[in-house]
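Computation of the quantities below employed the complete heavy-atom set of this structure, encompassing side-chain atoms and omitting hydrogens, waters and symmetry-equivalent molecules. This structure is a prediction, so every number in the text was calculated from the model and none was measured.
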Amino acid sequence: MDVRQHALGVLFVLCGELDFDSVVQLHEAADGELNGSTGTLPVVVDCAALTFCDSSGISALLRLYQRLTAEQRPLRLAAVPASVSRLFTLTGLDQLFSVHKDAAEALAAGSAGRSVVSAVQQNEERSA
């Protein structure tokens, strides 16, 4: 587990397995980075180096999602491996999590989304 601060959010980089034995690292990293934080920037979990995820890992991601939702902060997942993506689809979590092709896209998603929406709104106002 590696945690990196970016101008566009906080990046949690997962490596190896996210299972019963390793979820404590995700919980500790989240507590360390988010306790006392008043920011609204997104948290991105980069799964590019994730090789395995079991139900404990899924529960840890759900716990992080619930915590961030309560703080009105988005959780975005990046580079989710096919095996984990399949679990999300089977459980319906693919409808809950915001999944992006890589960490850079996930970090930029909110800021890019706002500028695209603003541009569309401005064009609509000019047309009216």
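Side chains of Thr91 and Ile58 form no contact here, defined as non-hydrogen atoms less than 4.5 Å apart. At least one side-chain heavy atom of Arg67 sits less than 4.5 Å from a side-chain heavy atom of Asp31. Residues Phe97 and Leu62 are in side-chain contact: their nearest non-hydrogen atoms beyond the backbone lie under 4.5 Å apart. In this structure the side chain of Leu8 never reaches within 4.5 angstrom of the side chain of Pro42, judged on heavy atoms. The closest side-chain heavy-atom distance from Leu75 to Val45 is below 4.5 Å.
Atom CG in Leu41 sits 12.5 Å away from atom CG in Leu11 (nearest 0.5 Å). Leu77 CG to Tyr65 OH: the interatomic distance, rounded to the nearest 0.5 Å, is 10.5 Å. In this structure, Ser59 OG and Leu26 CG are separated by 11.5 Å, a value rounded to the nearest 0.5 Å. In this structure, Arg73 CZ and Leu64 CG are separated by 9.5 Å, a value rounded to the nearest 0.5 Å. The distance from the SG atom of Cys47 to the CG atom of Asp102 is 12.0 Å, given to the nearest 0.5 Å. From Leu61, atom CG reaches atom CD of Gln66 across 11.5 Å, with rounding to the nearest 0.5 Å.
Nearest heavy-atom pair across Leu50 and Cys53 is CD2-CB, 4.2 Å. The minimum heavy-atom distance linking Val80 with Ser85 is given by the pair CG1-N, 3.6 Å. Contact detail for Met1 and Leu14: the closest heavy-atom pair is CE-CD2, 3.2 Å. Pairing each heavy atom of Arg76 with each of Pro74, the nearest pair is NH2-CG, 4.0 Å. Counting all heavy atoms, side chain and backbone alike, Ala103 lies closest to Ala78 at N-CB, 3.5 Å.
Leu18 and Val24 fall into different hydrophobic clusters, where Ile, Leu, Val, Met, Phe, Trp and Tyr residues are linked whenever their side-chain heavy atoms come under 4.5 Å apart, directly or through other members. Connection of Phe20 to Phe52 is not established within any shared hydrophobic cluster, with ILVMFWY side chains joined at heavy-atom distances below 4.5 Å, either directly or through further cluster members.
Looking only at distances, no side-chain donor or acceptor of Ser56 sits under 3.5 Å from a matching main-chain atom of Asp19.
In the displayed structure, Gln5 atom CD is contacted under 6.0 Å by more than 12 heavy atoms of other residues, nucleotides or ligands.
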